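Just below is one structure, and these are the notes that go with it.
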Amino acid sequence: MSELKRGVVLRMDAKVCHVEVDGEVVLAAPRGALFENLEGVKNPVAVGDHVEIDPSGDPVSLVNVLPRRNQLSRTASSHDPREQVLAANVDQLFVIASVKSPKFSSNRTDRILAACEWHGIPSVLVLNKTDLAKPKELDALRATYASVPVEMIETCATDGKGVGELRERLRGKTSILYGASGAGKSTLLNALQPGLRLKVGKISSYWEQGKHTTTYSQLHHLDFGADVIDTPGIRVFRIHDIHRSELKGLFPEFARYEDRCKFPNCTHDHEPDCAVLDALEEGEIARTRYMSYLEMLMEASPDPIGYDDVEEPEDA
Ligand SMILES: Nc1nc2c(ncn2[C@@H]2O[C@H](COP(=O)(O)OP(=O)(O)OP(=O)(O)O)[C@@H](O)[C@H]2O)c(=O)[nH]1
Ligand SMILES: [Mg+2]
Ligand SMILES: [Zn+2]
């Protein structure tokens with residue numbers, strides 16, 4: 001083996017990785033050993049990974065994946081329970097959601113925001129296609145996400161509104177754009193950097209959904225000094241391998257109330273004297289957020305035995 005070289009993965013295809021080494025893109029095939037002992041992980045390499053390649057081989061081989069600073073993962077699919085690593089070593093994630101066409105999905109948005117909390121990745125919500133929204137719809141979404149709170153940027157990728165603000169927020173960092181197909185991730189990138197010419201798709205007029213135009217994740221170096229990963233649109237997002245009791249910590253607005261729940265291990269679902277349920281009734285916690293939480297709670301793995309062995313407080 002000749003001297004190994006270090007690089008960054010810009011894109012993953014089925015069998016080869018596009019690795020940037022000394023400013024050049026090299027195609028490298030991950031060596032077989034990387035696929036051994038994966039322990040439930042689907043892909044050993046992801047966009048953003050720092051890797052070592054052996055340039056002497058034909059094909060060039062990707063030999064090692066260096067330790068990650070962080071990663072974003074999910075359960076691969078409803079048929080595949082393995083962990084799929086979507087990106088590695090990112091500073092922040094932008095959830096790209098359209099207000100309309102496709103219509104805003106609280107469920108999808110909240111799942112991605114929760115995943116960012118889970119992986120310790122700072123998140124920003126980008127509300128795109130504001131040109132298609134009624135003022136009332138925008139106000140409702142503003143109120144919901146201010147109550148979390150989540151930072152929000154409102155954009156219209158087609159007329160450039162909010163794109164300057166997004167550019168400032170991206171500058172100097174490595175970011176991932178993530179969300180539904182057709183929300184406008186690639187259009188926003190084209191607006192951020194005219195000349196990038198990423199392929200954008202039409203929205204199916206019947207289904208009001210995107211057509212999965214972007215088919216692979218790719219890290220782009222933008223001229224104003226930002227690294228941004230464009231990703232294929234997603235349908236569902238499931239956090240991989242999370243227990244029921246770990247979920248509530250991913251909804252920051254619950255934390256303000258849960259000290260006042262009667263049971264210290266309250267799941268804010270069915271328990272009596274739940275302060276989170278009270279806050280929901282008072283309208284202090286957004287109903288759409290709570291519904292997202294409940295749906296994720298139903299899917300989460302049961303807690304390990306022993307978790308519930310907390311003494312119940314005696315009734316007064
Ligand atoms: N009216 C309006 N249309 C927009 C806006 N942003 C994007 N679009 C349109 O939405 C469609 C889908 O945009 P894309 O950029 O391909 O969406 P994407 O999120 O990259 O979709 P995938 O690659 O399939 O995940 C295109 O027809 C865009 O012109 C916007 O702010 N307003
Ligand atoms: Mg796209
Ligand atoms: Zn509670």
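Counting starts at 1 for both ligands and their atoms, in listed order. These figures come from a predicted structure and were not determined experimentally.
Of all atoms in ligand 1, numbered sequentially from 1 with element shown, those under 4.0 Å from a heavy atom of Ala180 are 19 (O). Set against the non-hydrogen atoms of Leu132, the atoms of ligand 1 under 4.0 Å away are 1 (N). Residue-ligand proximity, Gly233 to ligand 1, at heavy-atom distances under 4.0 Å covers atoms 25 (O). Shown in contact with Ser181 at under 4.0 Å from a heavy atom are these atoms of ligand 1, numbered in order with element: 21 (O), 22 (P), 24 (O), 25 (O). When each atom of ligand 1 is checked for a heavy atom of Ser186 under 4.0 Å away, the hits are 15 (O), 20 (O).
Taking all heavy atoms of Asp131, Asn128, Thr158 into account, the minimum distance to atom 1 (N) of ligand 1 is reached by Asp131. Between atom 11 (C) of ligand 1 and the options Gly201, Gly182, Gly179, the minimum heavy-atom separation is to Gly201. The residue among Lys100, His212, Lys185, Lys199 with a heavy atom at the shortest distance from atom 18 (P) of ligand 1 is Lys185.
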Could you please spell out the steps behind the side-chain contact (heavy atoms from CB on, under 4.5 Å) verdict for Lys248 and Tyr293? CA-CA 8 Å; Lys248 58 188 177 181; Tyr293 168 72; 3.7 Å; yes
Can you list the steps and then say if Arg69 with Asp91 is a salt bridge (Lys or Arg N to Asp or Glu O under 4.0 Å)? CA-CA 9 Å; Arg69 171 159 66 91; Asp91 296 313; 3.0 Å; yes
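Ring planes of Phe254 and Phe251: parallel class, angle under 30° (limits at 30 and 60°).
Two residues are said to be in side-chain contact when any heavy atoms from C-beta on lie closer than 4.5 Å; Met298 and Arg244 fail this criterion. The side-chain heavy atoms of Asn265 and Glu271, taken from C-beta on, include no pair separated by under 4.5 Å. The closest side-chain heavy-atom distance from Leu66 to Arg6 is below 4.5 Å. Taking the side chain as every heavy atom from C-beta outward, Tyr257 and Arg260 approach each other to under 4.5 Å. A 4.5 Å side-chain heavy-atom check between Tyr145 and Ser106 finds at least one atom pair inside the cut-off.
In the hydrophobic clustering, Val126 connects to Phe94, Ile96, Val124, Ile153, Val163, Leu166, Leu170, Leu177, Leu188, Leu189, Leu192, Leu196, Leu198, Leu222, Phe224, Val228, either directly or through intervening members, whenever side-chain heavy atoms lie under 4.5 Å apart. Val236 forms part of no hydrophobic cluster, judged by ILVMFWY side-chain heavy-atom separations under 4.5 Å.
No more than 12 heavy atoms of other residues, nucleotides or ligands lie within 6.0 Å of NZ in Lys5, so this atom counts as exposed by the packing criterion. Counting heavy atoms of neighbouring residues, nucleotides and ligands inside a 6.0 Å radius, atom CZ of Arg256 exceeds 12 of them. Around atom NZ of Lys103, no more than 12 heavy atoms belonging to other residues, nucleotides or ligands sit under 6.0 Å away.
Residue Gly184 has at least one N or O atom closer than 3.5 Å to an N or O atom of ligand 1. Checked by distance only, ligand 1 and Ala157 come closer than 3.5 Å through their nitrogen or oxygen atoms. Close N/O approach between Lys202 and ligand 1 is not found [any backbone or side-chain N/O within under 3.5 Å]. Geometrically, ligand 1 and Lys211 share no nitrogen or oxygen pair separated by less than 3.5 Å.
Neither the backbone nor the side chain of Ser98 comes within contact range of ligand 1; no heavy atom lies under 4.0 Å.
Minimum heavy-atom separation, Ile121 to Leu93: CG2-N, 3.8 Å. Here the closest non-hydrogen pair linking Ala300 and His243 is CB-C, 4.0 Å.
Protein atoms of type N, O or S found under 2.8 Å from the Zn ion (ligand 3) total 4. Protein nitrogen, oxygen and sulfur atoms, that is N, O or S, within less than 2.8 Å of the Mg ion (ligand 2) amount to 2.
In terms of protein heavy-atom proximity, atom 14 (P) of ligand 1 is nearest to Thr187 OG1, 3.4 Å. The nearest protein atom to atom 8 (N) of ligand 1, hydrogens excluded, is given as Lys129 CE, 3.6 Å; this is a heavy-atom distance.
Side chains of Ser101 and Lys129: a donor-acceptor N/O pair is absent below 3.5 angstrom, by distance only.
No donor-acceptor distance shorter than 3.5 angstrom exists from the side chain of Asp54 to the backbone of Ser61, with no hydrogens or angles considered.
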